[in-house]
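What follows is a single structure, written as C-alpha cells, with notes after it.
All residue numbers in this chain count up from 1 along the given sequence.
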Amino acid sequence: MSRKKKGLALWLALFLGVSSLTGCGSGNDNMTQLSQKGADIMSSSDEEQDTDVEPLKTKTQLPEDGIITQAQMETIAGKDEKFYFVGKTDSGIGYKWTYNGSQIQNPVEQKLLVQCTEDGTEEIKKAANNAPYALKVTLEKMNLAAPAKLTLNLKEEWNADKVLYCLEENGKIYQLDTAKISTRESGKKKVKRTTLTFNVTKTGGDFYLIGGSTTGEAADDQADDETKDNAKGEDTQSKDNKSTGSSSDQSDTDRNPTSGQDGSSADNSSGDTSGSGDSSDEDTAMTCTFSIECSTILNNWNDLKESKAEFVPADGWILYPSEVEFYEGETVFDVLKRVCNEAGIQMESEWTPMYNSYYVSGINNLYEFDCGKDSGWMYCVNGWYPNYGCSKYTLEDGDTVEWRYTCNLGRDVGDQYYD
C-alpha cells in the first residue's frame, strides 16, 4: 500500500479506529497496523507544513501546474464562504472550481489542472445513442478536500437541453451528474457560448460531458437542475435489522457507479448518546435520503466470520434508501444514531479524542475486520467520500447519505483514497 502524506492519517484512524484487531472495541492498547501508519504519516506531514503561507483570496488564479498546496487549503478550511480557483485549458476553455470552505475539515493538496478535448469522443457519442455533443474532460488524481463544482466555459454553443457528466468503464457509460446548462454572449459580435457546471466527486483520468436534446428541439438558454442518478433503489420504508429479499449478483459499480464511502464514526454499545441533541419543535425540519448496505460481503463470503453470517441480509440492504427528517446543525452521525434506534438496528461507536470525532465500528452486528483485514464501515454524502469523521459532517437539505461496508479499504465501493 502506498504511503500518502497529505491528510491520510486522519482518515486511516477514523476508518479503522484504534481498537484491537477484533474490531469490537475490547480496549486493547495496540493500534492496528494501518492506524499506527496513519499516525506516523500525520507526524511527518505536520513537520513538512509551511509556516508562513499567504491566505487564499475568494478568487485565485491557478498556477501553471494547477496545484493548491495543503498549507494554502488550510487558510480557507472551515470558513463559511465560497472560494473559486480559475484556470484555462491548453485548448482555450476557461474553467472554474468552486469549494465551500465550511466543508473543508481536513485540508489536503488539490490538483486542479483540467484538460479538455473533443478528440476520441466519436465512440462515446455512438454509445450515447448518437449524441450530437461530447467533450472529454481529464482530471488529475487527487483526494478531494471537499465536494467541488467545476464550471467549463465552452468556446461554442451547445444546442442541448440536457448534458450528462459521465464515466466510461469497459465500454459502458455511467452517469455521475447532470450538468447545469447556461448560455452567455461574448465578444463584440455577441457570440453565444455554452457554460456547463457539474459536481465532481471522483478524479483521476478521463470523464465525458455528453449533450443532446430530449425534445428534438434546440435549447437556447435553459438550466437543468436535475440531480444526479444515485441509483437509490426502491422507495421502501426501513425494515428490521434482517432484511429479506433475493440475493443481488449485481456489482457495486453497476448498481451505483458514483457511490462510495470514507471516514467512519460511531455509537457506543454502552448506549452513548452524546453528539446528538433533541431538536426543538420550532426548528424547521429538512430531509435527506439515508441508507445502509453491506452487499460487498456477498462477494467476499469466504472471508466473513462464520458467526456473522446471520447478520447479512440476503440482498445486502440493512436499511433501504429512505427519506429521513433532520434539523439544522445535525451531523451524519446524529442521524445515523436516530435512524438505527428507530429501526431497531444495532450500532456501536466510540469517541476518539485524538481526532475529535466519533468512530462507527459496528452496524447490525457487523464490525470492522469481520470480513477481512481491510473491512469496515464507510460513509458517503452525495457521491463524495469525506476525509473526516461523520460526527463532523453537517448535513444540508436534500443530501444523500450512504453507509456501506467495504471489504477492501473502500476500493470495492468506489472510494479512490488509496489508489
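Two residues are said to be in side-chain contact when any heavy atoms from C-beta on lie closer than 4.5 Å; Ile318 and Leu366 meet this criterion. Phe85 places none of its side-chain heavy atoms less than 4.5 Å from the side chain of Thr98. You'll find the side chain of Tyr133 stays beyond 4.5 Å of the side chain of Leu154, heavy atoms only. At a threshold of 4.5 Å between non-hydrogen side-chain atoms, the residues Trp403 and Leu319 do not count as touching. The closest side-chain heavy-atom distance from Val312 to Trp301 is below 4.5 Å. In this structure, Met378 and Asp415 have side chains that are in contact, with non-hydrogen atoms separated by less than 4.5 Å. The shortest side-chain heavy-atom distance between Cys407 and Ile297 falls under the 4.5 Å cut-off. When side chains are defined from C-beta on, Ile104 counts as touching Ile76, because their heavy atoms get closer than 4.5 Å.
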Practice task
Run the numbers on Leu167 and Tyr208 for side-chain contact (heavy atoms from CB on, under 4.5 Å), then give the verdict.
Solution key: CA-CA 6 Å; Leu167 171 67; Tyr208 295 90; over 6 Å; no
Practice task
Would you please test Glu330 and Arg338 for side-chain contact (heavy atoms from CB on, under 4.5 Å) and show each step?
Solution key: CA-CA 11 Å; Glu330 287 197 301; Arg338 185 164 61 249; 2.8 Å; yes
Practice task
For the pair Trp158 and Ile181, evaluate side-chain contact (heavy atoms from CB on, under 4.5 Å) and give the outcome as yes or no after the intermediate values.
Solution key: CA-CA 9 Å; Trp158 280 17; Ile181 311 168; over 6 Å; no
Exercise for the section: Decide side-chain contact (heavy atoms from CB on, under 4.5 Å) for Lys59 and Val86; before the verdict, give the C-alpha distance in whole Å, the side-chain angles of both, and the deciding distance to 0.1 Å. Expected result: CA-CA 7 Å; Lys59 185 176 181 180; Val86 180; 3.5 Å; yes
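Between Tyr379 and Tyr393, the two ring planes are perpendicular [angle over 60°; tilted spans 30° to 60°].
The two residues Leu298 and Pro313 make their nearest non-hydrogen contact at CD2-O, 4.1 Å. Between Ser375 and Gly372 the shortest heavy-atom distance is OG-O, 2.7 Å. What you find for Leu144 and Val108 is that their closest heavy atoms are C-CG2, 4.3 Å. Considering every non-hydrogen atom in both Thr60 and Lys57, the closest pair reads OG1-O, 3.5 Å. Ala146 approaches Gln103 most closely through the heavy-atom pair CB-O, 3.6 Å. When all heavy atoms of Thr287 and Glu325 are compared, the closest pair comes out as CG2-CG, 4.1 Å.
Remark: the backbone N or O of Asn365 is paired with a side-chain donor or acceptor of Lys308 at under 3.5 angstrom. Arg184 places no side-chain N or O within 3.5 Å of a backbone atom of Lys192 that could act as its donor or acceptor partner. Side chain of Thr203 to backbone of Met142: a donor-acceptor contact under 3.5 angstrom is found. Judged by distance alone, the side chain of Glu81 and the main-chain N or O of Thr58 form no donor-acceptor pair under 3.5 Å. Here the side chain of Thr194 pairs no donor or acceptor atom with the backbone of Glu157 at under 3.5 angstrom. Formation of a donor-acceptor pair under 3.5 Å by the Asp399 side chain with backbone atoms of Cys288 is not found in this model. For the pair Glu350 (side chain) and Tyr359 (backbone), a donor-acceptor distance under 3.5 Å is absent. Side-chain N or O atoms of Thr121 include none that pairs as donor or acceptor with a backbone N or O of Leu135 at under 3.5 Å. Side chain of Asp177 to main chain of Asn199: a donor-acceptor pair is present (N/O by atom type, distance under 3.5 Å, no hydrogens or angles). With Asn364 contributing its side chain and Phe311 its backbone, the two residues share a donor-acceptor pair below 3.5 Å.
Note that the CD1 atom of Ile292 and the CE atom of Met347 stand 9.0 Å from one another [nearest 0.5 Å]. Distance check, rounded to the nearest 0.5 Å: OG1 of Thr151 to NZ of Lys96 gives 5.0 Å. Note that the NZ atom of Lys111 and the CG atom of Asn143 stand 9.0 Å from one another [nearest 0.5 Å]. The distance from the CD1 atom of Ile67 to the CD atom of Gln110 is 10.5 Å, given to the nearest 0.5 Å. The distance from the CG atom of Leu152 to the CG atom of Leu196 is 6.5 Å, given to the nearest 0.5 Å. Between the CZ atom in Phe198 and the NZ atom in Lys180 there is a gap of 14.0 Å [rounded to 0.5 Å].
Judged purely by distance below 3.5 Å, without hydrogens or angles, the side chains of Asp334 and Thr331 pair a donor atom with an acceptor atom. For the residue pair Tyr405 and Asn300, no side-chain donor N or O sits within less than 3.5 Å of a side-chain acceptor on the partner.
Heavy-atom neighbours of Asp65 CG from other residues, nucleotides or ligands within 6.0 Å: above the threshold of 12. Heavy-atom contacts from other residues, nucleotides or ligands closer than 6.0 Å to CD of Glu54 number 12 or fewer.
For the side chain to side chain contact (heavy atoms under 4.5 Å, CB included) with Val114, the qualifying choice from Leu139, Thr138, Val200 is Leu139, the only one to do so.
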